[in-house]
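Just so it is clear, the values below take in all heavy atoms, side chains as well, and ignore hydrogens, waters and symmetry mates. We count ligands from 1, going down the list as the structure has it; atoms in each ligand are counted the same way.
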Amino acid sequence: MWLPCGCTSKYVASSFARRTLASYLHVSGRSRCNVAAFMPEAAGLEGVSGRAALRELSVSNSESFWAAVARHRLCWSTPFHTVQDCDLSRGKIKWFEGGKLNVSVNCLDRHVHTCPERVALIWERDERGSEMKYTYGELLEMTCRLGNLLRRHGVKRGDCVTIYMPTCPLAVASMLACARIGAAHNVVFAGFSADALAERIRDAQSSTVITVNQGVRGGKVTELKKTVDTAMQSCPTVKQVFVAMRTDNPVTMTARDIAMEEYVFSYHDGDVFGCVADIGWITGHSYVVYGPLANGATTVLFESTPIYPDPGRYWDMVERLKINQFYGAPTAIRLLLKYGDQWVNKYDRSTLKTLGSVGEPINTEAWEWYHRVVGDGRCPVVDTWWQTETGGICIAPRPSDPDAEIVPGMAMRPFFGINPVLMDTEGEVLTSNNTSGALCMAQPWPGMARTIHNNHQRFIDTYFQPYPGYFFTGDGAYRSEEGYYQITGRLDDVINVSGHRIGTAEIEDVVNQCPAVAESAVVGYTHSIKGQGVYAFVVLKKGIDVQEADLSRQLNGMVSEKIAKYASPDFIQFAKRLPKTRSGKIMRRVLRKVVESDLEGLGDLSTLDDPAAVQEIIQGHEKLLSKNRS
Ligand code: 6R9
């Protein structure tokens with residue numbers, strides 16, 4: 001069943017696509033075994049009788065599969081003539097050649113055409129209870145106005161605009177406005193310092209920046225415009241800075257600055273997709289902005305933090321906004337788990353259908369808490385593995401048959417068109433199950449990265465050179481007896497103790513199962529006898545009062561029992577918090593340098609959330625060493 005991109009079919013396409021997105025992250029009790037209902041394009045593909053057959057075909061005949069998806073779900077102004085021209089051995093990635101489309105038209109105009117009043121964005125503002133809703137019609141209008149404004153000020157096709165804004169509707173409209181007029185956008189997380197911002201502006205060679213007067217996050221005001229002013233001192237290429245007003249406080253404007261006016265918005269009901277990532281990260285790009293909007297969904301823009309004004313913030317928001325799919329990061333789940341169940345139980349979460357996790361391996365305890373407490377044991381938890389470079393989710397427990405099992409802490413099943421393989425240290429493909437190796441992709445797919453801006457050689461060296469003919473993810477994975485994938489962490493995080501290779505995530509998983517532990521990070525360090533030793537950083541839950549020596553003994557015992565004696569930590573350092581990136585990933589690279597006492601080599605700390613955390617870790621490490629010496 002091919003649907004041309006006419007008016008009626010556009011409606012059909014978008015509503016089907018919406019349903020598919022829903023069935024992807026929402027699996028209700030209703031059976032969706034009928035493949036054509038699940039994915040209407042499949043009706044045109046021969047011999048496809050179920051989801052397994054569809055996935056099989058998406059890999060064995062990936063051209064037909066992706067051509068069907070692309071034709072069916074997107075509006076092309078010029079149809080493509082070649083589905084793909086890729087050669088992984090040379091890092092050559094080309095999809096849909098000859099085709100032209102505008103992603104903002106796909107995210108907005110199609111839906112405005114059929115349901116202009118459908119809610120596109122729900123802005124969960126930092127101030128609790130003051131959410132604002134924007135329809136597709138309003139978002140289109142805002143985007144067009146912004147696009148015209150940018151054009152009037154000389155921004156043209158091929159330019160790169162830097163967006164330094166909190167997660168808010170104007171930031172989404174700015175992204176879409178750039179896409180609409182053919183400009184690239186460079187979204188910089190609004191928590192970055194002036195230096196980090198300046199570096200990214202220079203790298204993108206932007207002459208235009210869009211920002212707001214001030215940001216508000218977790219009740220704290222941040223001076224975004226002032227930070228831009230400071231960055232401008234080392235960004236001579238910037239000719240203009242557009243400034244919108246997030247708060248009422250005026251800021252000093254310079255000759256370079258252009259004030260943006262406000263708009264008016266209304267309230268509507270709708271289905272609600274709640275991905276709480278910041279738009280400055282890939283998860284925000286793919287699952288807050290482009291994915292949901294391209295599918296005509298209602299998407300939440302979360303501006304705040306999980307514990308502001310209290311640790312019930314997420315679940316209060318779920319109740320107020322009637323969120324159906326909640327997509328968050330393990331780091332936040334571990335943080336909230338620390339505060340106890342009462343912050344969750346206070347709120348009505350009956351609208352939730354699916355809980356998603358992304359960014360790091362989700363340890364068993366966090367997975368179970370998310371499932372049992374947040375989801376009341378009735379919502380599937382989908383641990384989704386992917387990377388900036390893959391564009392979207394690649395391995396996840398769903399889609400699969402509605403009743404198919406979900407194993408805690410495992411991403412499990414490759415998505416349509418994704419063909420993962422595991423490699424051994426010799427670069428040979430591991431064909432058996434119950435085995436671990438370097439996770440690579442044997443086939444290209446449309447969402448994958450095509451280059452690194454201004455550095456194509458680095459792209460080839462990083463992703464295609466380590467395993468010729470394959471895309472290398474940098475992660476390690478285990479494939480179970482049943483063929484399910486479990487991500488074991490970055491390969492740099494694998495340590496080798498007396499010849500035994502072990503992923504640090506595996507040890508962390510055991511440590512985190514101790515009821516007193518909120519989270520942990522394990523790194524290797526040079527050990528004169530064993531090659532590498534195991535060093536664990538442990539953060540305790542709130543209000544826990546234990547003797548550190550007793551707890552260390554208990555943790556060592558748990559690791560010895562559940563993994564092996566060799567994996568038991570040589571050092572356990574208790575810390576108040578761990579150094580993390582602003583997207584919540586533990587910076588193990590920094591921890592490794594600290595335990596190697598290589599403070600000169602700490603490297604780029606600009607993505608660090610709170611530099612004070614590193615100082616605390618360094619001091620704690622020195623204390624532990626001197627205690628050990630004495
Ligand atoms: C989307 C995103 C990518 C790296 C990736 C891996 C880790 C992401 C994971 C996961 C285990 C998961 N990662 N999801 N590890 N289980 N479900 O996070 O992109 O910021 O580029 O990070 O994050 O190590 O390679 P990005």
Q: Would you mind checking which non-hydrogen protein atom is closest to atom 12 (C) of ligand 1, with the distance to 0.1 Å?
A: Glu360 O, 3.5 Å

Q: Tell me which protein heavy atom sits closest to atom 11 (C) of ligand 1, plus the residue, atom name and distance to 0.1 Å.
A: Pro361 N, 3.1 Å

Q | Heteroatom distance test (Lys585, ligand 1): nitrogen or oxygen, under 3.5 angstrom | A | yes

Q. Taking 4.0 angstrom as the limit, do Glu519 and Lys580 come out as a salt bridge?
A. yes

Q) Starting from atom 7 (C) of ligand 1, which protein heavy atom do you reach first, and at what distance in Å? A) Gly359 O, 3.2 Å

Q. What protein heavy atom is closest to atom 2 (C) of ligand 1, reported as residue, atom name and distance in Å?
A. Trp386 O, 3.8 Å

Q.
Less than 4.0 angstrom from a charged side-chain N to a carboxylate O is my criterion; do Arg90 and Asp87 meet it?
A. yes

Q | Contact atoms of ligand 1, heavy-atom distance to Arg490 under 4.0 Å | A | 24 (O), 25 (O)

Q) If you count the atoms of ligand 1 from 1 in the order shown, which ones are under 4.0 Å from a heavy atom of Thr388? A) 19 (O), 20 (O), 21 (O), 26 (P)

Q: Take Tyr485 and Tyr478 through the test ring pair (Phe, Tyr, Trp, His ring centres under 6.0 Å) and record every step on the way to the result.
A: CA-CA 6 Å; Tyr485 287 85; Tyr478 164 72; 9.3 Å; no

Q) Against heavy atoms of Thr283, which atoms of ligand 1 measure under 4.0 Å? A) 1 (C)

Q | SB check Glu508 Lys562 (cutoff 4.0 Å) | A | no

Q. Which ligand 1 atoms does Ile282 reach within 4.0 Å, using its non-hydrogen atoms?
A. 1 (C), 19 (O)

**Q.** Thr384 contact mode with ligand 1 (heavy-atom cut-off under 4.0 Å)
**A.** backbone

Q.
With respect to Ser357, determine whether any N or O atom, backbone or side chain, lies less than 3.5 Å from an N or O atom of ligand 1.
A. no

Q.
Can you confirm, on distance only, whether ligand 1 has an N/O atom lying under 3.5 Å from any N/O atom belonging to Asp383?
A. yes

Q.
Does only the side chain of Asp475 get under 4.0 Å from ligand 1, or the backbone, or both, or neither? Count heavy atoms.
A. side chain

Q: Using a 4.5 Å cut-off on heavy atoms from C-beta on, say whether the side chain of Asn363 contacts that of Gln513.
A: no

